[in-house]
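Single-structure report; data block below.
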Amino acid sequence: MDYNPNKIEKRWQKFWERLEIFEAKDFSKKPKKYILIEFPYPSGEGLHVGHCRPYIALDIVSRKRRMEDFNVLFPMGWDAFGLPTENYAIKTGIHPKIATRKNTVNFKRQQKNLGFSFDWTREINTTDPSYYKWTQWIFVQLFKKGLAYKAKMPINWCSSCKIGLANEEVIDGRCERCGEKVVKKEKEQWLLKITDYAERLIDDLEKVDYPERVKTLEKDWIGRSKGYEIKFQVSNSKFKEKRFINVFTTRIDTIFGATYLVVAPEHTILEKLKKEIENWKTVERYIEKSKRKTDKERISEIKNKTGIKLKGIRVLNPATNKEIPIFVADYVLMHYGTGAIMSVPCHDKRDFDFAKSYNLPIIKVIKSEEKEKRPGFTLSSESYKEVYEGEGILVNSKRFNGMKSETARERIADWLAKKKLAKKSVHYKLRDWIFSRQRYWGEPIPMVKCEKCGWLALPEKELPLKLPNVKEYKPTEKGESPLAKIGKWVGTKCPKCDGPAKRETDVMPNWAGSNWYYLRYCDPKNDENLASPKLLGYWMPVDWYNGGMEHTTLHLLYSRFIYKFLWDIGTIPKFLSPEPYKKRTSHGIILGEGGIKMSKSKGNVISPDNVIKQYGADTLRVYEMFMGPFNQSIAWDTKGVKGVRRFLDKVWKLSNQFINLSQSKSQQSVSDLEKLLQKTIKKVSEDIEALKFNTAVSSLMEFSNAWQKNIKGLKKKNFKDFLKILSPFAPHLAEELYQKFKVQSSKRKATTKSSKVSKLKSIFKEKWPKYDIKLIKEEKIVLIIEINGKVRDKIKVKKEISEEEAKKIALNSPKIKKWLQAKKIKKTIFLKNKLINFVII
RNA sequence: GCCGGGGUGGUGAAAUCGGAAAACACGAUGGAUUCAAAAUCCAUUGCUCGCAAGAGCUUGAGGGUUCGAGUCCCUCCCCCGGCACCA
């Protein structure tokens, strides 16, 4: 009988479901493992093969863990709020709820066809009111702690999606979803104070096992700079009280070279000093012009910096005590640091560019030790034509001359601190998270605005605040959520004074539901809590979380923030780690055939449905693991799929032949094949842990190639072990062969003993095999014989032979003799069990 | 510009404690089977020279360390990802 996956795969999927073997058991005595993959957005297009790669990989890990006797939680759910479904509703008038239901049914069907070992009893959906009740509850808690606030601010606005975007959602000045240019727009928005957690979000990265590049990406995104805030006094102010401008710098060691000061156009000091600025009109015009500039325009001016000198006022450099001029220039950003800088043109590229165009003095205060070592260097030859941004030795800095940058920083800071002119300061690039979307298909923000009492959170007993039905899904012309059009819903009573009040009509961004979903899997049906502390205590933290690299500064960062918040307020038991994910790994993207990105518009999307139909789910699974390194992007190749199918066909054929073999009396001797199997067990076991699935599969292939040459070379136990290590990759095939083998064996026994057929026990209830270390050890090794480091012969020898013996054997080789003719051995290098190298002249 | 990852056959790739470069697979070529094709099986397959035995060359380029370098060090080039006037 030929291998026909379509005939067997459905049967075993149902079998596993009936046996409930993939269900996680709360409070089981077995040690737990929580294995998580990012839950998908159920789009109308269905799963594509790229989605499957991480699912297959972590399914393999989960299956192995169960066989290693862990209580495994491997759940799945739906991150179903979001724009595509809403846009679909705008186009077709079909309610997003209905479209979502249809899509999730389809996604689930597709996943089931791949034989994933998810615990479906814990399925969740972010659009389910019993779920988003808790998403809203978290918002209310954030509000109560002052971490959610409403502010009018310029936001990134996509005029095509009619939606405000978080910084993280703007790619190259364009909308992440539709590619439309993003413009700035003043809008009242809900924001979450993620900046309060910036420090912990960096520091706690030391507690987790993430790939280094993920950590770096998060750190760079948060962008911590440690430095000093320094006060520069406005020297000739007509005001009686002293006025200061605060600057932030990481290079206080260069302060003696600060020859002017620059403030951002939005800086409030400008308004305050208005009367003293003699050229206020010009300055005002410049400010207006800057405001109108888009981010892109600002960036395009990097080389050509503009600014205006503020006439009539000057500041004192606190180090030199000299008066220096002030400029307003838009190369200084208001939202970073203090919105003002001290400019050190000799040691900062940007300041240098600006100083050159405005003819400002450039004073060298740091000399590079390295540069001066270069031949022909003299201090005078190095005029001030060059910027030096590195560290070095201080010059032109009075009593700090000769100090290294590092020491100088501390000394100068101490000195200025004593005069109350400097203090330590830390700044972050990270900005607060814009949490409002003027859209329909999202969680309503459970807030009410009372004319008297201001913004109030809905009482918790009124949650969930359900998303009302609307007829028209389009945002209003003013860019408000379609919810704003439902007068009856918007008008409500103030929870505090009972007076008239209005509901917030913005909804939450699509990241809201995924912030905390992994917590819900621990206790998916709880109505009292987002999850019970006991169950959180049992299952958390997530032991292994795999997801896309593209989520590093979005979902991953956001969810770490929300977890930390929930930990702070005690929703998460305090004995748990302040980090939700112990280990994070990432998968590479699957590209279309020829290496182009798969997309609907290019028409090169490959659906797992078709692959399964043609080759079977197991082939798809093994192929996706075999195609290349897991964390690397890789192009789909139909020929490669065929090659994997050939491998499974071979396993099928060989196994059936083996099963039908009338077993001779169990052999005593250990065959080479058996030894190879031990190595294969070791390799597969280790490679799964290291996510090296491609080489795990290739070792299985190597084994089957060897087996083909000696079908009888295996014992029954070996055959079972082989099926076990194959089973996470090709679960259906392995289960089929395993059951067939058991039936065949019991039939044989039945002739002599009772005819009772044992009750079916899944291969996934078996124990993961251990390899026999004694059998892996070889008695013989191949000794490599080199001459001057080049391989000239290889001879099989006994293990552990001495240098003397090896030399004797090597010198006996005709090939080596030829090479050594009339040559003198200068040196011999011997590496036990590896090689012998003769160095000749 | 800065940070991170990478560059190995016709292709996807193996091999990173410095010790056999190219495992496994795809493709290609030849053969067996077949009326024929598909499928399957067997053989060959880094490049150059050679009838062969064999020899030389080869991991982006160039240098270095070493008995020995894909692997370590220096300089440079290219590709991918991220950030980008962040003081």
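In this text, all values refer to a predicted model and were calculated from it rather than measured experimentally. Every chain is numbered from 1, with letters handed out A, B, ... down the list of sequences.
Considering only the side chain of A/W221, B/C83 comes nearest among B/C24, B/C85, B/C83. The side chain of A/R646 approaches B/U40 more closely than any other nucleotide in the set B/A87, B/U40, B/C24. Distances were taken from every side-chain heavy atom of A/K827 (C-beta onward) to each of B/A87, B/C67, B/C3; the shortest belongs to B/C67. Of the candidate nucleotides B/C24, B/C67, B/A55, B/C24 has the atom nearest to the side chain of A/F626.
Checked against side chain to side chain contact (heavy atoms under 4.5 Å, CB included), A/K226 has the following partners two or more places apart in sequence or in another chain: A/R224, A/V426. Applying the salt bridge (Lys or Arg N to Asp or Glu O under 4.0 Å) rule to A/E218 yields the partners A/R560; only residues at least two apart in sequence or on another chain are considered. Under the salt bridge (Lys or Arg N to Asp or Glu O under 4.0 Å) criterion, A/E38 pairs with A/R584, sequence neighbours left out.
Salt bridge status for A/K305 with A/D353: present, with a side-chain N to carboxylate O gap under 4.0 Å.
Legend: salt bridge (charged side-chain N to carboxylate O under 4.0 Å, His left out) pairs involving residues 620-631 of chain A, not counting sequence neighbours, sorted by first then second residue: A/D59-A/R621. Sorted by first then second residue, the salt bridge (charged side-chain N to carboxylate O under 4.0 Å, His left out) pairs that include residues 646-658 of chain A, not counting sequence neighbours, are A/R645-A/D649.
Using cut-offs of 30° and 60° for the angle between ring planes, the A/F327 and A/Y358 rings count as perpendicular.
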(request) Represent RNA chain B in dot-bracket notation, 5' to 3'. Only Watson-Crick or G-U wobble pairs with both distances under 3.5 Å count; pseudoknot-style crossings use [ ] and interstrand partners use |. (result) (((((((..(((......[....)))((((((.......))))))((((....))))..(((((..]....))))))))))))....
(request) Spell out protein contact along nucleotides 46-53 of chain B as letters: B when the base is contacted, S when just the sugar-phosphate is, - when no protein heavy atom is under 4.0 Å; keep the 5' to 3' order. (result) --------
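With a glycosidic angle no more than 90° from 0, B/G9 adopts the syn conformation.
Side-chain contact of A/Y623 with A/D637: a donor-acceptor pair under 3.5 Å is absent, judged by distance alone.
Heavy atoms of A/G223 sit nowhere under 4.0 angstrom from any nucleic acid atom. Backbone-only engagement by A/W819 is indicated by non-hydrogen atom pairs under 4.0 Å involving sugar-phosphate atoms exclusively. At a threshold of 4.0 angstrom between heavy atoms, the contacts of A/N705 are confined to the sugar-phosphate backbone, with no base atom among them. Residue A/D348 is classed as having no contact, given no heavy-atom separation below 4.0 Å to the nucleic acid. Using a 4.0 Å heavy-atom distance criterion, A/K429 is classed as a base contact. Counting any heavy atom pair closer than 4.0 Å across all strands shown, A/V332 reaches a base atom. Nucleic acid contact for A/I634: sugar-phosphate only, since backbone atoms but no base atoms lie under 4.0 Å from a heavy atom of the residue. Across all strands shown, A/Y428 has no heavy atoms under 4.0 Å from either base or sugar-phosphate atoms.
Under 4.0 angstrom from either OP1 or OP2 of B/A13 there lies at least one side-chain N or O belonging to A/Q632.
RNA chain B lies under 4.0 Å from at least one heavy atom of each of the following residues of residues 782-796 of chain A: A/V782, A/I784, A/E786, A/N788, A/G789, A/K790, A/V791, A/R792, A/K794. Within residues 246-267 of chain A, the residues approaching RNA chain B are A/F248, A/T249, A/T250, by heavy-atom distance under 4.0 Å. Taken residue by residue, residues 688-697 of chain A places heavy atoms nearer than 4.0 Å to RNA chain B at A/K692, A/N694, A/T695.
Taking both residues in full, the closest heavy atoms of A/G595 and A/A635 are given as N-CB, 3.6 Å, listed atom of the first, atom of the second, then distance. Nearest heavy-atom pair across A/I634 and A/G628 is CD1-CA, 3.4 Å.
The CD-P distance, from A/E803 to B/G19, rounds to 19 Å in whole Å. The interatomic distance linking A/L333 (CG) with B/C83 (P) rounds to 17 Å, in whole Å.
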Under 3.5 Å, which donor-acceptor pairs link side chains of residues 686-697 of chain A to any protein atom two or more places apart or in another chain?
{"from": "A/E686", "atom 1": "OE2", "to": "A/K682", "atom 2": "NZ", "distance (Å)": "3.4"}
{"from": "A/D687", "atom 1": "OD2", "to": "A/K683", "atom 2": "NZ", "distance (Å)": "3.2"}
{"from": "A/D687", "atom 1": "OD2", "to": "A/T695", "atom 2": "OG1", "distance (Å)": "2.8"}
{"from": "A/D687", "atom 1": "OD2", "to": "A/A696", "atom 2": "N", "distance (Å)": "3.3"}
{"from": "A/E689", "atom 1": "OE1", "to": "A/R65", "atom 2": "NH2", "distance (Å)": "2.7"}
{"from": "A/E689", "atom 1": "OE2", "to": "A/K64", "atom 2": "NZ", "distance (Å)": "2.5"}
{"from": "A/E689", "atom 1": "OE2", "to": "A/R65", "atom 2": "NH1", "distance (Å)": "2.9"}
{"from": "A/T695", "atom 1": "OG1", "to": "A/K692", "atom 2": "O", "distance (Å)": "3.1"}

Identify every side-chain donor-acceptor pair in residues 828-835 of chain A under 3.5 Å, counting partners at least two apart or on other chains, and give the distances.
{"from": "A/N833", "atom 1": "OD1", "to": "A/E800", "atom 2": "N", "distance (Å)": "2.8"}
{"from": "A/N833", "atom 1": "ND2", "to": "A/E800", "atom 2": "OE2", "distance (Å)": "3.2"}

